[in-house]
Asks: 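The structure is given below, and queries will be raised subsequently.
Not measured: the values here are computed from a predicted model.
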Protein chains: 2
Amino acid sequence: MFIEIEANSSVPIYLQLVQQIIEGLAKGSLKPGDSLPSVRAFAADLGMNMHTVNKAYHYLEEKEFIRIVQKKGVVIHAKGIREASAADRNRLKQELRPIVAEALCLQMSQEEIKLLVKEIITDLKEKSL
Amino acid sequence: MFIEIEANSSVPIYLQLVQQIIEGLAKGSLKPGDSLPSVRAFAADLGMNMHTVNKAYHYLEEKEFIRIVQKKGVVIHAKGIREASAADRNRLKQELRPIVAEALCLQMSQEEIKLLVKEIITDLKEKSL
DNA sequence: AGTTTTGTTATACATATAATAGAACAGGTT
DNA sequence: AACCTGTTCTATTATATGTATAACAAAACT
């Protein structure tokens, strides 16, 4: 897992961490059962505060991507990541909506937007090599 | 233009306003040259502060979707919305990326994600009737 | 048994963003 | 002349973000 945090991003660094861990899961560099660094070790490694890492971990736990075991550590959900529920699907749709709308405003076609999606998936998977 | 603002959303209300204006543009209920309400009138209509509407307007002006004419008012960019530049395309890609990654984690396929995009576009366009 | 490591909790502080409020200004419209 | 426009200014409140220490209890390691 190579994590790169941009300090000057408008995206909060705890969310950047969340997103990059999710990307690690998507590309397969993180697998079910894998353990993640302790909040202190990760914080020192990334040059951020322990509480910031903790915030990211709890965010990921709420999404059921990781399991936080008291006094032990943090692991990727072992029983396999669940399939998208109807609620997940709807939430993702709501998140995609404003971006798709903006793309349409910039005169992109449905096919061009789908191509973006394809490119993103390619990018995500090729980095796992 | 029917605007609905959710007070309890985690999305700031000035951004909700931005997004719904962009959706109006995407679906065609707002056309190039159309004028938007004054900051005071819109604020009163939506039950929010003048400065909040102003913030949304300036956000949209930076994106070049509207033109703010001093002492006159606000209009949708008349010379037609520009086509997506390479920079726009890249920015949209970066915004889509974390959502697509999460969808992949929830075991959605590329086709399922593309279907989401299709549904969103259908939703956007059917509301223009 | 003792030390280290784990996530947790509590307090405190600094900064930025979001949102509201009221007032005043200058230029355009009616 | 009255009104409406976006702008600017000052102020206040609330929330989000991020850091900094410190202490706690239980698991793990030696």
Side-chain angles (χ1 to χ4, degrees), chain A residues 1 3-22 30 33-78 95 98, chain B residues 1 3-22 30 33-78 95 98:
Chain A
M1 275 298 291
I3 306 270
E4 282 187 22
I5 303 294
E6 283 185 70
N8 293 339
S9 168
S10 64
V11 181
I13 60 179
Y14 84 93
L15 268 187
Q16 291 184 49
L17 181 53
V18 163
Q19 289 171 358
Q20 294 198 35
I21 290 173
I22 291 180
L30 284 177
D34 284 358
S35 62
L36 289 173
S38 75
V39 287
R40 288 175 181 85
F42 218 171
D45 189 29
L46 299 173
M48 65 176 66
N49 193 274
M50 176 187 65
H51 301 300
T52 308
V53 175
N54 201 243
K55 190 171 181 177
Y57 277 173
H58 279 272
Y59 191 94
L60 287 164
E61 194 186 33
E62 244 190 57
K63 284 187 179 289
E64 296 182 39
F65 286 136
I66 67 175
R67 208 159 43 90
I68 302 177
V69 185
Q70 305 269 6
K71 324 293 173 185
K72 289 186 69 177
V74 177
V75 295
I76 306 296
H77 243 274
E95 291 176 17
Chain B
M1 278 297 291
I3 306 270
E4 283 186 22
I5 303 294
E6 284 184 69
N8 293 339
S9 168
S10 64
V11 180
I13 61 179
Y14 85 94
L15 268 188
Q16 291 184 49
L17 181 53
V18 163
Q19 290 170 359
Q20 294 198 36
I21 290 174
I22 290 179
L30 285 176
D34 283 359
S35 62
L36 289 173
S38 75
V39 287
R40 287 174 181 84
F42 218 172
D45 188 29
L46 299 173
M48 65 177 64
N49 193 275
M50 175 188 65
H51 300 299
T52 307
V53 175
N54 201 244
K55 190 172 182 176
Y57 278 174
H58 280 272
Y59 191 94
L60 286 164
E61 194 187 34
E62 244 189 57
K63 283 187 179 290
E64 295 182 39
F65 287 136
I66 67 174
R67 207 156 45 89
I68 302 177
V69 186
Q70 305 270 8
K71 326 292 174 188
K72 290 186 70 176
V74 176
V75 296
I76 307 296
H77 244 272
E95 291 176 17

Asks: Taking any atom closer than 4.0 angstrom to a non-hydrogen atom of chain B, what span of DNA chain D does the protein reach, first nucleotide to last?
Replies: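 Nucleotide range with atoms under 4.0 Å of chain B: dT5(D) to dC9(D).
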Asks: Over the length of the helix from dA1(C)-dT30(D) to dT30(C)-dA1(D), how much do the five-pair end axes diverge, rounded to 10 degrees?
Replies: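 Between the first-five-pair axis and the last-five-pair axis there is 30°.
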Asks: Write down the distance between CG (Leu17(B)) and P (dA18(C)), rounded to a whole number of angstrom.
Replies: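 Whole-Å distance recorded here is 14 Å.
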Asks: Show your working on side chain to side chain contact (heavy atoms under 4.5 Å, CB included) between Val39(B) and Val74(B) and close with a plain yes or no.
Replies: CA-CA 9 Å; Val39(B) 287; Val74(B) 176; 5.8 Å; no
Asks: Fit a plane to each ring of Tyr59(B) and Tyr14(B), take the angle between them on a 0 to 90° scale, and name the class: parallel (under 30°), tilted (30 to 60°) or perpendicular (over 60°).
Replies: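 Rings of Tyr59(B) and Tyr14(B): perpendicular, over 60°.
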Asks: Specify the separation, in whole Å, of atom CG of Asn49(B) and atom C1' of dT20(C).
Replies: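 Taking atom C1' of dT20(C) as the reference, CG of Asn49(B) is at 5 Å.
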Asks: Quick one: NZ on Lys63(B) to CD1 on Ile21(B), what's the gap to the nearest 0.5 Å?
Replies: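 Between Lys63(B) NZ and Ile21(B) CD1, I get 13.0 Å after rounding to 0.5 Å.
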Asks: Quick one: Lys55(B) NZ to dT20(C) P, roughly how many Å, whole number?
Replies: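 That distance rounds to 10 Å.
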Asks: Within this structure, what is the CG-NZ distance for the pair Leu17(B) and Lys55(B), rounded to the nearest 0.5 Å?
Replies: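 If I round to the nearest 0.5 Å, the distance is 12.0 Å.
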Asks: I need the CE-C1' distance between Met50(A) and dG7(C), as an integer number of Å.
Replies: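 Spelled out: CE on Met50(A) to C1' on dG7(C) is 9 Å.
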Asks: What is the distance, rounded to the nearest whole Å, between atom CD1 of Ile13(B) and atom C1' of dT17(C)?
Replies: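 Distance, rounded to whole Å: 13 Å.
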Asks: Looking at OG of Ser10(A) and CD of Gln16(A), how far apart are the two atoms once the value is rounded to the nearest 0.5 Å?
Replies: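 With rounding to 0.5 Å, OG (Ser10(A)) is 8.5 Å from CD (Gln16(A)).
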Asks: Which one, dG22(C), dT8(C), dG28(C), comes nearest to the side chain of His51(B)?
Replies: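 Nucleotide nearest to His51(B)'s side chain: dG22(C).
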Asks: Looking at every strand, decide which applies to Met48(B) at a 4.0 Å heavy-atom threshold: base, sugar-phosphate, or nothing.
Replies: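 Since only primed, P, OP1 and OP2 atoms lie under 4.0 Å of Met48(B), the category is sugar-phosphate.
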Asks: What's the separation between atom CD1 in Ile76(B) and atom CG in Leu30(B), rounded to the nearest 0.5 Å?
Replies: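 Ile76(B) atom CD1 to Leu30(B) atom CG measures 4.5 Å (nearest 0.5 Å).
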Asks: Just verifying a value: how many Å separate Ile13(A) CD1 and Ile3(A) CD1, rounded to the nearest 0.5 Å?
Replies: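 Rounded to the nearest 0.5 Å, the CD1-CD1 separation comes out at 12.5 Å.
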Asks: dT4(C) P sits how many Å from Lys71(A) NZ, rounded?
Replies: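 Interatomic distance, NZ of Lys71(A) to P of dT4(C): 18 Å.
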Asks: Would a 4.5 Å heavy-atom cut-off, applied to side chains only, mark Leu60(B) and Ile22(B) as touching?
Replies: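 Yes, at least one pair of side-chain atoms sits under 4.5 Å.
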Asks: Over how many whole Å does the gap from Tyr57(A) atom OH to dT6(C) atom P extend?
Replies: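 These atoms are roughly 10 Å apart.
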Asks: NZ of Lys71(B) to CD1 of Ile68(B): how many Å apart, nearest 0.5 Å?
Replies: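 Between atom NZ of Lys71(B) and atom CD1 of Ile68(B) there are 12.5 Å.
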Asks: How many whole angstroms separate atom NZ of Lys72(A) from atom C1' of dT5(C)?
Replies: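 Atom NZ in Lys72(A) sits about 13 Å away from atom C1' in dT5(C).
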Asks: Would you kindly compare Arg40(A) and Gln70(B) by the position of their nearest DNA chain D nucleotide and give the one closer to the 5′ end?
Replies: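 Its nucleotide being nearer the 5' end, the pick is Gln70(B).
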